[in-house]
Amino acid sequence: MSSQNSAPEYDAKKVVVVFVLGGPGSGKGTQCARLVRDYGFLHLSAGDLLRAEQTRPGSQYGAMIAEYIKDGKIVPMEVTIGLLRNAIQEALESNATSDKEGWGNGHGRFLIDGFPRKLDQLFKFEETVVPAQLTLFLYCTEEVMLKRLLLRGETSGRADDNIESIKKRFRTFVETSMPVVDCLRKRDVVAEVDGTKPVDDVYDHICQAMNAKFHQISTS
Ligand code: ADP
Ligand code: C5P
Ligand code: MG
């Protein structure tokens, strides 16, 4: 569907979106894996989608994405929103998810991890795709995130889990991504979670926020 529609493509009552935000290494992917297991959400990591597009044979964006990721810069929103929209559409149409609770008949539940990372992404996504119902924000110190990312870099094979890229990613996060969190905070839809704590403690806190917001979902 065209992004020039004045209304978002999906009804937020049917397509439930939770943004999962936090600095690089704050634990977004780790926590999303648990939420998928317990809440029937599908996990869409914007970074994972960009990395997959980067290596997709024939992609016109491959080289551009690689450069942006290595420099810790935010890929132009059209590319990322296009990938997210395709993934949402595919999941809603897929028979693989239609028998899961909260799915079928145009209904679905999505954790959108690492997006929006810039204000223009937030505004465009909610205007053209669907507004989010909740944001989980994992706050974490750079010291903790640096240690985790360097450790992850020993096995991740990621082009940006090295000290030069990490420093650039931290800077982008503070300058470009925190304004998104601040904007969402003004709307009172942000659950603030201490991401420095052990994985289980972080998850307990996240579950409290999810249960408070989606009582009807988690108990129905
Ligand atoms: P993000 O998706 O926010 O970049 P990840 O979930 O990939 O973060 O986590 C980054 C690294 O830190 C991974 O190696 C992960 O195993 C580890 N990690 C995640 N959460 C915690 C935590 N609460 N305590 C310690 N290590 C963690
Ligand atoms: O979330 P993740 O750490 O996997 O993101 C890796 C990189 O992908 C970011 O540093 C950025 O270059 C790019 N990205 C982006 N826009 C997003 C999410 C990720 O440009 N919304
Ligand atoms: Mg991640």
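Note that the numbering runs from 1 along the sequence shown for the chain. Computation of the quantities below employed the complete heavy-atom set of this structure, encompassing side-chain atoms and omitting hydrogens, waters and symmetry-equivalent molecules. First listed ligand is number 1; within each ligand, the first listed atom is number 1.
The ligand atoms of ligand 1 that sit less than 4.0 angstrom from a heavy atom of G27 are 1 (P), 3 (O), 5 (P), 6 (O), 8 (O), 9 (O), 19 (C), 20 (N). Annotation for ligand 1: atoms under 4.0 Å from non-hydrogen atoms of P198 are 23 (N). Atoms of ligand 2 found under 4.0 Å from any heavy atom of I74 (numbered from 1 in listed order, with element): 16 (N), 20 (O). Against a heavy-atom cut-off of under 4.0 Å, G47 is close to the following atoms of ligand 2: 4 (O), 5 (O). Below 4.0 Å from some heavy atom of Y68 lie the following atoms of ligand 2, by number and element: 12 (O). Interface of R51 with ligand 2, defined as ligand atoms under 4.0 Å from a residue heavy atom, comprises 4 (O), 6 (C). Of all atoms in ligand 2, listed by their number and element, those nearer than 4.0 Å to a heavy atom of V75 are 15 (C), 20 (O).
Ion pairing of D204 with R34 is absent here, as no side-chain N (NZ or NE/NH1/NH2) approaches a carboxylate O to less than 4.0 Å.
Within the 4.0 Å heavy-atom criterion, the part of R158 lying near ligand 2 is the side chain and not the backbone. Counting heavy atoms closer than 4.0 Å to ligand 1, residue S45 contributes nothing at all. When non-hydrogen atoms are compared, ligand 1 lies under 4.0 Å from neither the backbone nor the side chain of Q31. Contact annotation for D160 and ligand 2: only side-chain heavy atoms (C-beta onward) come within less than 4.0 Å of the ligand.
In terms of protein heavy-atom proximity, atom 8 (O) of ligand 2 is nearest to I69 CG1, 3.7 Å. Protein heavy atom closest to atom 23 (N) of ligand 1, with residue, atom name and distance, is K197 O, 2.8 Å. In terms of protein heavy atoms, atom 13 (C) of ligand 1 is closest to R152 CD, 4.1 Å. The nearest protein atom to atom 2 (O) of ligand 1, hydrogens excluded, is given as G29 N, 3.0 Å; this is a heavy-atom distance. Scanning the protein for heavy atoms near atom 4 (O) of ligand 1, the closest one is G25 N, 2.9 Å. Nearest non-hydrogen protein atom to atom 5 (O) of ligand 2 is R117 NH2, 3.1 Å. For atom 1 (P) of ligand 1, the closest non-hydrogen atom of the protein is K28 N, 3.6 Å.
Considering L50, I166, L84, T80 only, the shortest heavy-atom separation from atom 15 (C) of ligand 2 involves L50. By heavy-atom distance, the residue among Q121, K118, K73 lying nearest atom 16 (N) of ligand 2 is Q121. With distances taken over non-hydrogen atoms, the option nearest atom 9 (O) of ligand 1 out of D201, T30, T196 is T30. In this comparison of G114, S165, S177, the heavy atom closest to atom 21 (N) of ligand 2 sits on G114. Here the shortest heavy-atom distance to atom 27 (C) of ligand 1, taken over M145, K147, R148, belongs to R148.
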Checking side chain to side chain contact (heavy atoms under 4.5 Å, CB included) for the pair L136/L35: CA distance, chi angles, key distance, verdict?
CA-CA 12 Å; L136 301 172; L35 289 167; 3.9 Å; yes

Evaluation steps, side chain to side chain contact (heavy atoms under 4.5 Å, CB included), between L92 and F110
CA-CA 10 Å; L92 292 171; F110 298 90; 4.1 Å; yes

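Remark: aromatic rings of F125 and F115 are close, center separation under 6.0 Å. Aromatic ring centroids of Y39 and W103 lie 6.0 Å or more apart.
Looking at R117, its side chain never comes within 3.5 Å of a backbone N or O of T176 through a donor-acceptor pair. For the pair S94 (side chain) and E90 (backbone), a donor-acceptor distance under 3.5 Å is absent. Put simply, the side chain of Q133 never gets that close to the backbone of V189: no donor and acceptor are under 3.5 Å apart.
Within 6.0 Å of CZ on R171 lie no more than 12 heavy atoms contributed by other residues, nucleotides or ligands. More than 12 heavy atoms of other residues, nucleotides or ligands shown are found within 6.0 angstrom of NZ on K73.
When K168, R169, K167, R152 are each tested for a salt bridge (charged side-chain N to carboxylate O under 4.0 Å, His left out) with D160, only one passes: R169. Here the options are Q121, K118, M64, the test is side-chain contact (heavy atoms from CB on, under 4.5 Å), and the partner is P76; only M64 passes.
There is no side-chain donor-acceptor pair under 3.5 Å between D194 and H205.
Polar contact check, D113 against ligand 1: no nitrogen or oxygen pair lies under 3.5 Å apart. Between K28 and ligand 2, not a single N/O pair is under 3.5 Å apart. Ligand 1 has no nitrogen or oxygen under 3.5 angstrom from a nitrogen or oxygen of P24.
Remark: distances from the non-hydrogen atoms of L151 to ligand 1 are all 4.0 Å or more. The closest approach between M77 and ligand 2 stays at or above 4.0 Å for every heavy atom of the residue. Using a non-hydrogen distance threshold of 4.0 Å, G22 does not register as a contact of ligand 1.
Residues F170 and L149 meet the side-chain proximity criterion, which asks for heavy atoms closer than 4.5 Å. With a 4.5 Å cut-off on side-chain heavy atoms, V174 and E142 count as touching.
Summarising the geometry of I112 relative to I88, their closest heavy-atom pair is CD1-CD1, 4.2 Å, with the distance given to 0.1 Å. Taking each heavy atom of L138 and K28 in turn, the nearest pair found is CD1-N, 3.6 Å.
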